[in-house]
Amino acid sequence: MLHSLYEFWTSAAGNTPLEWVAVLTGLACVWLAAKESIWNFPVAIFSCALFVVVYHRVHLYADQGLQVFFIAMSVYGWYEWLYGGARKTELPVSRTRLVEWAWLVLVAVGFTVAYGYYLHHYTDDSVPYWDSFTTAGSLVAQYQLTRKRLENWLLWIMVDVIYVPILWYKHLYSVSGLYAVYLVLAIYGYFEWRKTMRKEQLAAQSAVAN
């Protein structure tokens with residue numbers, strides 16, 4: 001049993017201490033985000049910085065570039081959570097506005113089509129448009145996380161639901177299991193944030209009534 005767990009972990013997280021720490025801190029930052037802790041951002045920056053090194057070593061430059069984007073968005077999100085509310089106050093949990101959905105969907109569709117075309121015609125990617133779609137979904141979800149939009153968790157759930165079978169299809173069984181853990185955390189995060197949003201709305205209504 002212990003041997004099987006070790007094999008699962010090493011194939012999912014890698015065999016080097018650097019990779020192990022990168023995966024552990026990656027899981028930690030998702031958990032902290034689900035708990036609405038501001039510490040998710042410094043942990044995410046640290047984890048993504050490690051993954052920049054990990055992906056560079058194995059020549060996965062697109063994934064390396066994605067980690068740089070996540071670092072930049074984490075810095076932005078860190079500031080927004082602290083000062084993005086009314087009059088530079090802490091940013092509350094809120095829903096995505098309709099106009100915001102419109103341009104986010106346009107960006108996601110444009111990215112999926114363009115990057116999917118590139119992967120299909122210039123790489124040996126076995127599922128180019130699915131890969132492109134999950135990447136686009138991750139980018140949009142990360143932006144929504146920085147703005148404390150409740151629906152970011154729904155997007156992460158959607159992305160993880162797609163990632164789990166894709167990784168299984170590619171025979172990356174342990175990594176598929178790791179994304180199943182991310183899926184559980186995303187579901188937990190959604191219900192935690194929804195509960196927080198309702199409490200904040202009730203507090204605001206009570207303040208107006210008084």
Side-chain angles (χ1 to χ4, degrees), residues 5 8-14 19-37 40-41 43-48 50-51 54-55 60 62-71 73-74 77 93 95-96 101 104-105 107-109 111-112 115-116 119 125-197:
L5 288 173
F8 170 88
W9 180 255
T10 53
S11 53
E19 293 171 63
W20 285 40
V21 175
V23 170
L24 282 172
T25 52
L27 287 169
C29 78
V30 177
W31 169 256
L32 289 167
K35 299 298 291 183
E36 206 185 341
S37 170
N40 88 86
F41 291 113
V43 173
I45 291 168
F46 179 70
S47 180
C48 290
L50 294 182
F51 274 116
V54 169
Y55 288 137
L60 292 174
D63 288 315
Q64 182 184 20
L66 192 60
Q67 298 306 309
V68 174
F69 171 83
F70 284 144
I71 290 172
M73 290 301 291
S74 294
V93 178
R95 292 191 178 276
T96 307
W101 270 125
L104 287 174
V105 168
V107 169
V109 170
F111 182 95
T112 299
Y115 192 50
L119 292 176
D125 195 313
S126 56
V127 283
Y129 287 99
W130 281 114
D131 275 353
S132 182
F133 178 72
T134 51
T135 302
S138 298
L139 295 175
V140 171
Q142 183 64 27
Y143 166 78
Q144 287 188 307
L145 176 67
T146 64
R147 296 294 302 144
K148 249 188 188 179
R149 304 303 192 204
L150 174 65
E151 294 82 5
N152 90 87
W153 294 112
L154 296 178
L155 287 182
W156 285 123
I157 290 169
M158 177 192 70
V159 167
D160 292 336
V161 164
I162 296 171
Y163 264 130
V164 169
I166 284 179
L167 292 167
W168 191 272
Y169 167 74
K170 292 183 176 181
H171 306 292
L172 297 171
Y173 304 120
S174 54
V175 184
S176 176
L178 197 61
Y179 271 86
V181 176
Y182 283 130
L183 174 60
V184 172
L185 288 174
I187 294 170
Y188 173 76
Y190 174 77
F191 285 107
E192 282 292 297
W193 279 34
R194 191 175 68 171
K195 184 167 60 177
T196 298
M197 186 179 69

**Q** Please report the closest heavy-atom contact between Ser138 and Tyr163, naming both atoms and the distance.
**A** OG-CE1, 4.3 Å
**Q** Does CZ in Phe111 sit with more than 12 non-hydrogen atoms of other residues, nucleotides or ligands closer than 6.0 Å?
**A** yes
**Q** Could you go through the side chain to side chain contact (heavy atoms under 4.5 Å, CB included) check for Val30 and Val181 one step at a time?
**A** CA-CA 10 Å; Val30 177; Val181 176; over 6 Å; no
**Q** So, using side chain to side chain contact (heavy atoms under 4.5 Å, CB included) as the criterion, who are the partners of Val164 when residues are at least two apart?
**A**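 Listed in chain order: Ser176, Tyr179, Ala180.
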**Q** Measure across Cys48 and Ile71 and return the closest heavy-atom pair with its distance rounded to 0.1 Å.
**A**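 Minimum heavy-atom contact is CB-CG1, 3.5 Å.
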**Q** Rounded to the nearest 0.5 Å, how far does CH2 of Trp130 lie from CD1 of Ile162?
**A** 5.0 Å
**Q** So Thr146 and Tyr143, do their side chains get closer than 4.5 Å, heavy atoms only?
**A**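 Yes, close enough: below the 4.5 Å cut-off.
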**Q** Please step through side chain to side chain contact (heavy atoms under 4.5 Å, CB included) for the pair Tyr129 and Leu119, ending with a clear verdict.
**A** CA-CA 8 Å; Tyr129 287 99; Leu119 292 176; over 6 Å; no
**Q** What residues, two or more places apart in sequence or in another chain, satisfy ring pair (Phe, Tyr, Trp, His ring centres under 6.0 Å) together with Tyr188?
**A** Trp31
**Q** Quick check: closest heavy atoms across Leu150 and Arg194, and the distance to 0.1 Å?
**A** CD1-N, 3.5 Å
**Q** Taking Ser37 for its side chain and Leu32 for its backbone only, find out whether a donor-acceptor pair lies under 3.5 Å.
**A** no
**Q** Any chance you could measure Phe133, atom CZ, to Thr135, atom OG1, to the nearest 0.5 Å?
**A** 10.5 Å
**Q** How long is the gap from CG on Leu50 to CD1 on Ile45, to the nearest 0.5 Å?
**A** 12.0 Å
**Q** Can you tell me how far apart CG (Asp160) and CG (Leu183) are? Round to the nearest 0.5 Å.
**A** 5.5 Å
**Q** Which atom pair, heavy atoms only, marks the closest approach of Ala186 to Trp156?
**A** CB-CB, 4.1 Å
**Q** Counting C-beta onward and ignoring hydrogens, is there a side-chain heavy-atom pair between Leu27 and Tyr182 closer than 4.5 Å?
**A** yes
**Q** Report, as yes or no, whether the 6.0 Å neighbourhood of atom CZ on Phe70 holds more than 12 heavy atoms from other residues, nucleotides or ligands.
**A**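 Yes, enclosed.
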**Q** I'd like to know if the side chain of Ser47 and the backbone of Val43 have a donor-acceptor N/O pair within less than 3.5 Å.
**A**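 No, the answer is negative, given that no donor and acceptor are paired below the 3.5 Å cut-off.
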**Q** What are the two closest non-hydrogen atoms of Ser126 and Tyr169, and how far apart are they?
**A** OG-CE2, 4.3 Å
**Q** Side chains of Leu139 and Leu66: does their closest heavy-atom pair fall under 4.5 Å?
**A** yes
**Q** What heavy-atom pair brings Gly189 and Ala34 nearest, and what distance separates the two atoms?
**A** CA-CB, 3.6 Å
**Q** For Glu36, enumerate each residue passing the side chain to side chain contact (heavy atoms under 4.5 Å, CB included) test, keeping only those at least two apart in sequence or located in another chain.
**A** Trp81, Val93, Lys148, Trp193, Thr196, Glu200
**Q** With respect to Thr96, which candidate in Arg149, Arg147, Gln144 satisfies the side chain to side chain donor-acceptor pair (under 3.5 Å) definition?
**A** Gln144
